[in-house]
Amino acid sequence: MIENGDSLNTGFVAEEQMNLGYPVINGAFFIYLPEDSSKCILFHIFSERIPGAYINQKLYYTLIDRTTNNGLGKVIEKNVPLMEGTTQLNFNHAGAVRHANGRDWWVLLPHRMQPIYYRFLLTPEGIIGPEEQEIGFKMPTDDPSYYFGVNLFSQDGSQYVDYEWRKGEGFQLFDFDRCTGLLSNPIKVQYQTGFEVSNGAVGIAFSPSGRFLYMTYRKDSGVRLVQYDLDAPDIAASELLISDCPVPVSPYECSLGAPILAPNGKIYIPALIDTVAFHVIHHPDGLGLDCDFEFGGFPFSEKYPTGGSPYFPNYRLYDVPGSPCDTLGINAPPVAVSDLEKEAISFDVYPNPTSGHCNVSFKLNGHPKTQVKLTNLFGHVLESHEVIGSSMSLSLSGLPTGIYFVQITVNGKLLKTEKLMKY
């Protein structure tokens with residue numbers, strides 16, 4: 001607990017769910033304060049309990065100073081309301097994407113019961129908003145528990161999807177303007193669930209390029225993983241079945257929860273309840289089964305306790321090149337490695353698993369100077385080496401047993417990652 005870090009979202013729901021986790025899917029995320037990385041803001045959804053449902057009625061922010069207390073941090077402000085609603089004004093979770101100027105951030109908050117989206121802009125001077133936009137195909141309703149789902153920006157911020165899985169009515173796809181924060185060109189994609197209520201911790205994920213959308217949903221007493229081609233003339237007709245799980249004898253045998261796109265370009269999918277491994281889509285930009293789906297491809301030493309996934313904005317997104325609204329001159333780092341050179345990489349880590357030492361060998365055409373990093377599951381860099389040549393040795397003798405990653409980087413660009421297990 002950091003100083004003053006207690007009592008976020010204080011209320012009945014927090015007390016009721018104290019030992020389980022706050023029940024808002026993708027309901028919180030952090031963003032650094034623009035031009036002041038010593039501070040970050042936690043955006044979080046506050047929920048109320050009504051008969052038969054949880055109702056997300058407030059969007060809060062909490063401000064954290066990361067530098068005080070010798071780097072342990074301190075909460076400066078907490079539970080500051082940005083929007084407060086009622087039973088008839090409640091929200092799905094918020095999402096964020098970087099402004100086209102490369103500095104500020106848009107935060108989008110969907111109205112659950114109306115085709116309305118509220119937008120905020122985080123700047124060095126503070127948070128501006130909300131501003132309201134009415135758009136899309138959501139039919140107004142008086143039932144506060146009717147629409148329920150998840151919302152997501154593509155990696156480049158040019159697309160936004162609103163996935164409603166409570167009643168199995170499909171998803172809406174929008175174009176997003178990172179200059180104005182406005183949605184446009186809505187498309188409704190419907191699918192058949194075979195369920196009156198498509199409940200469960202299901203979800204969506206964009207492929208890295210934004211061409212494909214992966215979705216998990218309930219159908220015929222089972223759970224499906226499907227792929228949609230967003231470049232197809234008829235997106236609904238482009239649906240391809242990737243995996244189909246019937247009702248399992250045990251939730252560990254076959255189950256599909258909410259997918260999440262990771263920084264290494266792969267998509268990871270937990271089970272609906274508990275799981276002993278994430279399923280992995282190794283090449284999400286491959287059409288159909290070329291996406292290389294592996295059931296149970298990322299095992300854990302202990303059970304993962306939920307079918308949900310955390311929400312991460314794309315922190316690596318920069319300005320829009322040539323953007324008319326970029327007056328700051330913040331440019332994305334140069335990418336000196338082409339797609340062709342990526343394919344030319346030869347990369348091997350052995351022995352794997354290892355009891356303490358491993359060898360790393362690689363070949364990168366045109367770039368003899370390479371950086372090799374060893375990270376843990378949380379992305380913390382444990383070792384970093386500048387290597388001139390084609391091989392090196394890593395020692396894990398002082399590290400606990402578990403899963404690690406070996407990364408190959410050139411000019412600050414991550415090219416390849418290999419999982420390494422220590423026993």
Side-chain angles (χ1 to χ4, degrees), residues 7-18 20-31 41-62 78-97 105-120 122 127 129-136 138-153 160-169 171-172 183 197-204 257-258 260 306-313:
S7 304
L8 300 186
N9 283 10
T10 301
F12 174 79
V13 173
E15 294 295 326
E16 179 188 53
Q17 301 290 331
M18 182 66 69
L20 301 174
Y22 205 75
V24 178
I25 294 178
N26 295 3
F29 56 90
F30 294 91
I31 296 179
I41 291 183
L42 170 65
F43 291 87
H44 49 112
I45 294 285
F46 176 87
S47 188
E48 289 284 5
R49 186 78 163 91
I50 66 171
Y54 293 99
I55 301 301
N56 303 334
Q57 290 188 343
K58 298 175 184 177
L59 175 63
Y60 282 151
Y61 78 83
T62 291
K78 61 185 175 184
N79 298 327
V80 181
L82 288 170
M83 279 203 73
E84 296 186 89
T86 64
T87 302
Q88 297 300 307
L89 176 57
N90 57 91
F91 318 104
N92 279 326
H93 86 278
V97 67
W105 285 84
W106 294 108
V107 176
L108 215 60
L109 180 66
H111 194 308
R112 181 181 287 185
M113 303 169 64
Q114 305 284 337
I116 296 173
Y117 297 84
Y118 302 97
R119 65 184 179 276
F120 301 84
L122 174 62
I127 302 173
E131 296 183 352
E132 178 181 318
Q133 182 182 11
E134 184 172 349
I135 189 173
K138 189 179 294 182
M139 297 299 295
T141 177
D142 292 329
D143 181 355
S145 64
Y146 188 89
Y147 291 112
F148 191 72
V150 292
N151 315 86
L152 194 67
F153 286 99
Y160 180 79
V161 63
D162 187 342
Y163 171 32
E164 194 288 300
W165 52 257
R166 173 71 176 176
K167 295 292 185 180
E169 293 191 356
F171 62 86
Q172 298 178 73
L183 300 166
V197 178
S198 180
N199 57 344
V202 294
I204 51 174
I260 182 171
T306 177
S309 299
Y311 170 64
F312 296 103

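One-based numbering along the sequence shown.
Rounding to the nearest 0.5 angstrom, the gap separating the CG atom in Leu8 from the OG1 atom in Thr62 is 4.5 Å. If you take CD on Gln88 and CD on Gln57, they are separated by 10.0 Å, rounding to the nearest 0.5 Å. Distance check: Leu59 CG to Ile127 CD1 gives 8.0 Å after rounding to the nearest 0.5 Å. The structure places CG of Asp143 at 11.0 Å from OG1 of Thr87, a figure rounded to the nearest 0.5 Å. Once rounded to the nearest 0.5 Å, the distance linking CZ of Arg112 with CG of Asn92 reads 5.0 Å. Between the CG atom in Asn90 and the CD1 atom in Ile50 there is a gap of 7.5 Å [rounded to 0.5 Å].
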- Task: Applying side chain to side chain contact (heavy atoms under 4.5 Å, CB included), run through Leu183 and Leu108 and close with a yes or a no.
- Result: CA-CA 10 Å; Leu183 300 166; Leu108 215 60; 4.1 Å; yes

- Task: Test side chain to side chain contact (heavy atoms under 4.5 Å, CB included) on Ile116 and Gln133 and set out the steps.
- Result: CA-CA 6 Å; Ile116 296 173; Gln133 182 182 11; over 6 Å; no

- From CA spacing to verdict: side chain to side chain contact (heavy atoms under 4.5 Å, CB included), Arg49, Glu16: CA-CA 10 Å; Arg49 186 78 163 91; Glu16 179 188 53; 3.9 Å; yes

- Task: List the steps and the verdict of side chain to side chain contact (heavy atoms under 4.5 Å, CB included) for Tyr61 and Lys78.
- Result: CA-CA 6 Å; Tyr61 78 83; Lys78 61 185 175 184; over 6 Å; no

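The minimum heavy-atom distance between His93 and Pro110, with the atom names listed, is O-CD, 3.2 Å. Closest approach of Pro140 and Pro115 over heavy atoms only: CG-CD, 4.2 Å.
Each of Phe91, Tyr60, Phe12 was evaluated against Phe46; a single residue qualifies, Tyr60, per the ring pair (Phe, Tyr, Trp, His ring centres under 6.0 Å) test.
Side-chain atoms of Tyr117 and Asn151 include no donor-acceptor pair closer than 3.5 Å.
For Asn9, the side chain to side chain donor-acceptor pair (under 3.5 Å) partners are His44, not counting sequence neighbours. For Phe153, the ring pair (Phe, Tyr, Trp, His ring centres under 6.0 Å) partners at least two apart in sequence or on another chain are Tyr160, Phe176. In terms of the side chain to side chain contact (heavy atoms under 4.5 Å, CB included) criterion, residue partners of Phe30 (sequence neighbours excluded) are, by chain and number, Cys40, Leu42, Ile64, Tyr315. For Thr10, the side chain to side chain contact (heavy atoms under 4.5 Å, CB included) test picks out Ser7, with sequence neighbours left out. Residues satisfying the side chain to side chain donor-acceptor pair (under 3.5 Å) test with Asn56, not counting sequence neighbours, are Ser47. Partners of Glu131 according to the side chain to side chain donor-acceptor pair (under 3.5 Å) rule, which considers only residues two or more places apart in sequence or in another chain, are Arg119. Under the rule for a side chain to side chain contact (heavy atoms under 4.5 Å, CB included), the partners of Gln17 that lie at least two apart in sequence or sit in another chain are Val13, Leu20, Pro23, Tyr54. With sequence neighbours excluded, the residues that form a ring pair (Phe, Tyr, Trp, His ring centres under 6.0 Å) with Phe29 are Phe43, Tyr311.
Among residue pairs with one or both ends in residues 52-62, those qualifying as salt bridge (Lys or Arg N to Asp or Glu O under 4.0 Å) are Lys58-Glu84; sequence neighbours excluded.
Using a distance-only test at 3.5 Å, with no hydrogens or angles considered, no donor-acceptor pair links the side chain of His111 to the main chain of Tyr118.
Contact check for Leu109 versus Pro130: no side-chain heavy atoms found under the 4.5 Å cut-off.
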